[in-house]
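Comments concern the structure below.
Fair warning: this is a prediction, and the values are worked out from it, not measured in the lab. Just so you know, ligand 1 is whichever comes first in the structure, and atom 1 is the first atom listed for that ligand.
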Amino acid sequence: MTLSALIGGLLLGSTAKAQWNAPGSSQDEGFTYVQPADTIILGQYGQSPAVYPSPNATGSGGWEAGLAKAKDLVSKLTLEEKALMVTGYPGPCVGNILAIPRLGFPGLCLQDGPLSIRVADYASVFAAGVSVAASWDRTLMYERGLAMGEEFRDKGSQILLGPVAGPLGRSAYAGRNWEGFSPDPYLTGVAMEETINGIQKAGVQATAKHFIANEQETQRNPSWVNGTISQEAVSANLDDRTMHELYLWPFANAVHAKVASVMCSYQRINGSYGCQNSKVLNGLLKTELGFQGYVMSDWGGTHAGVAAIEAGLDMDMPGGQGTYGMRWGTSFFGGNVTAAVNNGTLDESRLDDMIVRIMTPYYALGQDSDFPTVDPSTADLNTFSPRSTWLTEFNLTGESSRDVRGDHADLIREQGAAAMVLLKNEKGALPLKAPKSIAVFGNDAGDIVSGFYNQKNYEYGTLSAGGGSGTGRFTYIVTPLEAIKARAAQDKALVQYWLNNTEIAASDINTLWVPKRPDVCLVFLKTWAEEAADRTHLESDWHGDDVVESVASACSNTIVITHSAGINTLPWADHPNVTAILAAHYPGQESGNSLVDVLYGDVNPSGRLPYTIALNGSDYNAPPTTAISTTGVEDWQSWFDEKLEIDYRYFDAHNISVRYEFGFGLSYTTFALSDIQAAKADEKATISAAPPAQEIQPGGNPALWETLYTVEVTVRNTGKVKGAAVPQLYVTLPESAPAGTPVRQLRGFDKVSLKPGRSDTVNFQLMRRDLSYWDIVSQEWVIPSGEIKLSVGFSSRDLQQFATITPVSA
Ligand SMILES: *[C@@H]1O[C@H](CO)[C@@H](O)[C@H](O)[C@H]1NC(C)=O
Ligand SMILES: *[C@@H]1O[C@H](CO)[C@@H](O)[C@H](O)[C@H]1NC(C)=O
Ligand SMILES: *[C@@H]1O[C@H](CO)[C@@H](O)[C@H](O)[C@H]1NC(C)=O
Ligand SMILES: *[C@@H]1O[C@H](CO)[C@@H](O)[C@H](O)[C@H]1NC(C)=O
Ligand SMILES: *[C@@H]1O[C@H](CO)[C@@H](O)[C@H](O)[C@H]1NC(C)=O
Ligand SMILES: *[C@@H]1O[C@H](CO)[C@@H](O)[C@H](O)[C@H]1NC(C)=O
Ligand SMILES: *[C@@H]1O[C@H](CO)[C@@H](O)[C@H](O)[C@H]1NC(C)=O
Ligand SMILES: *[C@@H]1O[C@H](CO)[C@@H](O)[C@H](O)[C@H]1NC(C)=O
Ligand SMILES: *[C@@H]1O[C@H](CO)[C@@H](O)[C@H](O)[C@H]1NC(C)=O
Ligand SMILES: *[C@@H]1O[C@H](CO)[C@@H](O)[C@H](O)[C@H]1NC(C)=O
C-alpha cells in the first residue's frame with residue numbers, strides 16, 4: 001500500500017474516527033460529512049478505531065491449494081477484468097459476477113436466501129432459522145444445510161446468501177430475527193457452524209450475514225433527499241466485550257467452519273458503516289478470526305470506493321442500484337477501481353487479494369469442475385434485476401425449470417415436526433386420541449387466497465415463512481386445515497372450521513356447534529415479520545388473542561397453535577380452557593403435515609424455546625431505536641447499554657419471572673437426569689488463564705476451540721412413550737470475572753432420543769472459549785480464577801444436576 005492510499009484510507013475512510021475527529025472535513029465519494037447535532041451525547045462510544053492495512057489471505061486452515069489456483073487466475077487477469085471480478089452486475093441471479101470466457105470462468109450466481117433458493121421454481125422451502133434453533137438438533141441443522149446446498153447447486157448458484165447470525169435477537173421486536181436462530185450466541189454459533197458445514201458439503205459457498213450488530217430494521221439504511229443523505233443509517237454503539245461475547249461469537253463459529261463469504265451489514269457500528277468499518281472487517285474478522293474468504297456488501301450497503309476497499313470490503317453487491325440515485329452498472333467499485341489503481345490511490349495488491357479471497361473458496365469447494373449452469377428460468381423469475389436492466393448478454397444454457405427438490409419434502413416434514421415447541425399440555429389434551437369431532441379456528445389454518453409464491457402478510461392463509469429476501473417461493477404448501485382433514489378422515493371424524501378472525505372474535509361460539517360441542521378446538525394464530533420493518537407489537541396478528549378468548553370461553557379443550565416469527569406474549573396462556581399450546585414458528589412447506597404428526601402423537605414434540613417468553617411485552621429490554629423525531633444527520637443512534645443482558649441473561653440478572661423460559665419445552669413423556677461428572681480432558685494439563693499463543697487459524701486462536709473439560713450426565717426416559725430430551729449445560733463464572741458477567745450462559749446441549757425406560761449418557765465438551773470472558777485490556781479470552789459452576793437441566797430455569805470445576809486457581 002502506498003502512503004497516499006493509507007492516508008486516503010484514514011482520512012477519506014468513513015471510519016468514525018475520521019467522522020468524529022475531523023468534523024466538517026469532506027468525506028470520500030460516499031457522502032458529505034455534517035457535524036452531529038448538539039443533542040447527541042456521544043458517551044463513551046462514537047468512534048471505531050482505524051485498523052489498516054487489510055490483511056492478505058493465506059489459505060490457512062486447508063485452503064492452500066485453492067488459494068494457489070486463485071492466485072494463478074489473478075495473474076492472468078487484466079486490470080479491467082479484475083475490477084469486474086469484485087463488482088456485481090445486473091443479471092439472472094440476485095447477485096452476479098460476470099463470466100470471463102477467455103479463462104473458462106463462468107461467472108458467479110449469488111442467490112437468496114437462508115431458507116430456500118428464493119428466485120427459483122421447483123425448489124423447496126425449508127423451515128426458517130427460528131424453527132431450526134427451536135429444534136436444538138445439530139444433525140437436523142446440518143442436514144437442512146446440506147439439502148439446501150444441493151438445491152442451490154442444482155440450480156447453478158455457487159453462493160447461498162445465508163445463514164444469518166445478525167440479527168442475533170437483541171430485541172424481541174427486530175423484523176429479521178426469524179431468519180437467524182436465537183438470541184443466545186452459543187446456540188446460534190452451533191446452528192451457524194452446522195448449517196455452513198452442510199451447505200459447503202454440497203459444494204456451495206455459504207455467506208454468514210449480516211456482519212455485525214445488525215439488530216434492527218428501522219433506519220438500517222440512510223435517508224436520502226435529492227441525492228444527498230439527510231439522515232445516516234442507525235449506528236449500533238456497543239462496547240468491545242459485548243461485541244465479543246454476544247454478537248461476534250456466532251460469526252467466530254462461522255469462520256471456524258470456513259465459511260466462504262461474510263456479508264457486511266447496512267447499519268453503522270460506532271458511527272462507521274458496516275461495509276467500511278476497518279475495525280470490524282480488517283480487525284475482528286480478517287485478523288482476530290483469521291477469515292480467509294471474502295467480504296461482500298449487503299445490497300446497496302457500499303457507501304465508498306477506495307475507503308471501503310481499504311477497510312476490508314472485497315465485493316460490491318449488487319454493484320449499482322437505483323435506490324441511491326445510481327444506475328445499474330455504476331458502482332463505487334467497477335470503473336472507479338480501475339481508475340483508483342491507475343492514479344495510484346489503490347495498490348493493485350489489495351485488489352489482487354480481493355479476487356484471491358473471492359476465488360479461493362470457489363476452487364476449494366471444487367466449483368471449477370462440473371458445476372451446473374444457471375437455470376434459465378431464474379432469469380424469468382428475477383424481479384430484482386429483470387432482463388430489462390441487463391447491460392450484457394448472459395449465456396443461459398442447460399435445462400430450464402429444473403426440479404431440484406428430490407425427496408426433501410420428507411426431510412422438511414420431519415424437521416418441521418422436530419422443531420415444534422409444546423408449551424402447555426394439561427388434562428391429557430395432547431396427543432389427540434382419535435377425536436370424532438374437531439373444530440378449527442383462525443385465519444392461519446387455511447390456504448392463502450391471494451397467491452402465495454413469496455409469502456406476504458395476507459389476512460387469510462397460513463404462515464410458513466416471513467417476508468423479504470429471506471422468504472421462499474413456495475411450489476406448494478400443506479396447510480394445517482388440509483392436513484387435519486386428511487388425518488381426521490382416518491377416524492371418520494367431523495371437521496368444522498371458521499377462518500374469519502373478526503367473526504370468531506365477535507361471535508358467541510356456543511351458537512356455532514353442529515350438532516354438539518366438539519371434542520377439541522384447534523385455534524391457529526399467526527404473526528408476521530419481514531425484512532425492512534421491525535415488529536410493532538408482540539401479540540399475535542389479526543386479533544389472535546381475541547380469537548383465543550372467544551373460543552376458550554365456550555370450548556373447554558382449546559388447543560392453540562402459533563405460526564410466528566418468534567416471540568409472542570400469549571396473555572391467555574393460563575386460561576383453564578386452553579389445554580395446550582404449540583409454538584410451530586415457521587416450519588416450511590410441509591407445515592400441516594409436520595403439525596399433524598405432532599398433534600396425533602406420531603412424533604413426540606422435542607422443540608425447546610430458543611428465546612424467553614415474558615409475562616408482559618413491556619418486560620423485554622433493548623427495544624429497537626424507532627422514536628427519532630429530530631432531523632439531525634447523525635441522530636439515529638442505538639446504544640447497546642444493556643451490554644450482555646439480552647433475553648434470558650437479562651431476566652436472570654434481574655430475577656424477573658417469565659411465562660416460559662429460554663430452553664423450555666414439554667414432551668409426551670418425562671425425563672430424569674442423574675450422575676453428573678465433570679473431568680479435565682487432559683488430566684495432567686495445567687490450564688493457563690489466557691490461551692497459549694498459537695498461529696491464527698480460521699476461527700481465531702485454535703486454543704480457544706480445544707476441549708478443556710468433558711461433562712457427562714445420564715438422561716433417562718421415565719415415561720411411557722419414546723421421545724427426545726434436550727439436556728442443556730449452563731456455565732456460571734466465578735466472581736473474579738468482571739462485573740456484568742451473566743448469571744449463567746448456555747455452553748452445551750444435546751438431543752437424545754430414548755425409548756421408555758431407557759437411558760443414555762450425554763457428553764458435553766467445554767472448550768476454552770466456553771469458560772472464558774473477553775478481557776478488554778489484554779484483548780484475549782481469559783478464564784477467570786476460581787470455581788466455575790456447571791448446571792445441567794431441561795431449561796435455563798429447570799436446573800437439576802450441578803458440578804464445579806476450577807480450571808485456574810485463585
Ligand atoms: C466501539 O466503541 C467502544 C467504546 O469506545 C469500544 O469498546 C469498541 O471496541 C468499539 N467497537 C468498534 C467496532 O469500533
Ligand atoms: C499482500 O501481498 C502483497 C504481495 O502479493 C504485498 O505487496 C502486500 O504488502 C501484502 N499486504 C499486506 C497487508 O500484507
Ligand atoms: C428537492 O428538489 C426539489 C426540486 O429541485 C425541490 O423542490 C425540493 O425543495 C428539494 N427538497 C429538499 C428537501 O431540498
Ligand atoms: C464511480 O462512483 C460514483 C459514485 O461515487 C458513481 O456515480 C460512478 O458512476 C462510478 N463510476 C463508474 C465508472 O462506475
Ligand atoms: C483516483 O481515482 C479515484 C476513483 O475514481 C478517485 O476517487 C480519486 O479521487 C482519484 N485520486 C486522484 C488523486 O486522482
Ligand atoms: C455458453 O455456455 C456453454 C455451456 O456452458 C459453453 O459451451 C459456451 O462456450 C458458452 N458460450 C459463451 C459465449 O460463453
Ligand atoms: C369477516 O367477518 C367480518 C365480520 O363479520 C366481515 O365484515 C368480513 O367481510 C368477513 N370477511 C370475509 C373475507 O368474509
Ligand atoms: C370453559 O368452557 C366451558 C364450556 O365447555 C364454559 O362453560 C366455561 O365458562 C369456560 N371457562 C372459562 C373460564 O371461560
Ligand atoms: C404490561 O405492562 C404494562 C406496563 O407496565 C401494563 O400497563 C400492563 O397492564 C401490563 N399487562 C399485563 C397483561 O400485565
Ligand atoms: C436475584 O436472586 C438471587 C438469588 O435469590 C440474589 O442473590 C440476587 O441478589 C437477586 N438479584 C437481584 C437483581 O435482585
Next item on the list: Determine whether any heavy atom of Ser331 lies closer than 4.0 Å to an atom of ligand 4.
Entry: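 Heavy atoms of Ser331 do come under 4.0 Å of ligand 4.
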Check: Does ligand 4 have any atom sitting under 4.0 Å from a heavy atom of Gly334?
Finding: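 The answer is no, since Gly334 has no heavy atom less than 4.0 Å from ligand 4.
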Margin query: List ligand 4 atoms under 4.0 Å from Thr330, heavy atoms only on the residue side.
Written below: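 It comes down to these atoms of ligand 4: 9 (O), 14 (O).
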Item checked: Check: Arg241/Thr741 side-chain N/O donor and acceptor closer than 3.5 Å -> yes
Notebook entry, point to check: When you check the side-chain N and O atoms of Asp352 and Ser349, is any donor under 3.5 Å from an acceptor?
Noted result: no
Margin query: Does the protein come close to atom 5 (O) of ligand 10 - that is, does one of its heavy atoms sit below 4.0 Å from that atom?
Written below: no
Margin query: Within the protein, is there a heavy atom lying under 4.0 Å from atom 11 (N) of ligand 10?
Written below: yes
Next item on the list: Name the orientation class of the two ring planes belonging to His303 and Tyr273 (parallel below 30°, tilted from 30 to 60°, perpendicular beyond 60°).
Entry: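 Ring orientation of His303 relative to Tyr273: tilted.
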Check: Would you call the rings of Tyr660 and Phe664 parallel, tilted or perpendicular if under 30° counts as parallel and over 60° as perpendicular?
Finding: parallel
[atom] [closest protein heavy-atom partner, distance rounded to 0.1 Å]:
{"atom": "atom 13 (C) of ligand 10", "value": "Ala653 O, 3.3 Å"}
{"atom": "atom 7 (O) of ligand 8", "value": "Ser553 O, 4.5 Å"}
{"atom": "atom 2 (O) of ligand 10", "value": "Asn655 ND2, 2.3 Å"}

Item checked: Selected option - heavy-atom contact closest to atom 3 (C) of ligand 8, from Asn577, Asn557, Val551, Asn510 ->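 Shortest heavy-atom distance from atom 3 (C) of ligand 8: Asn577.
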Numbered atoms of ligand 8 (with element) below 4.0 Å of [X], judged on heavy atoms:
{"X": "Ala554", "answer": "4 (C), 5 (O)"}
{"X": "Ser556", "answer": "2 (O), 5 (O)"}
{"X": "Ala552", "answer": "1 (C), 2 (O), 10 (C), 14 (O)"}

Notebook entry, point to check: About how many Å separate CG of Leu599 and CD1 of Ile484, when rounded to the nearest 0.5 Å?
Noted result: 6.0 Å
Next item on the list: State the CG-CH2 distance between Leu512 and Trp498, to the nearest 0.5 angstrom.
Entry: 5.0 Å
Next item on the list: Identify the heavy atoms of Leu313 and Arg350 that sit nearest to each other, and give their distance.
Entry: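 It is O-NH2, 3.2 Å.
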Check: Short N/O distance, under 3.5 Å, between His654 and ligand 10?
Finding: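 No, since none of the N or O atoms of His654 sits under 3.5 Å from an N or O of ligand 10.
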Margin query: Do the side chains of Arg649 and Asp184 get close enough for a salt bridge, i.e. N-O under 4.0 angstrom?
Written below: yes
Checklist line | Within 45° cone and under 6.0 Å: Arg170 NZ/CZ vs Phe640 ring | finding: yes
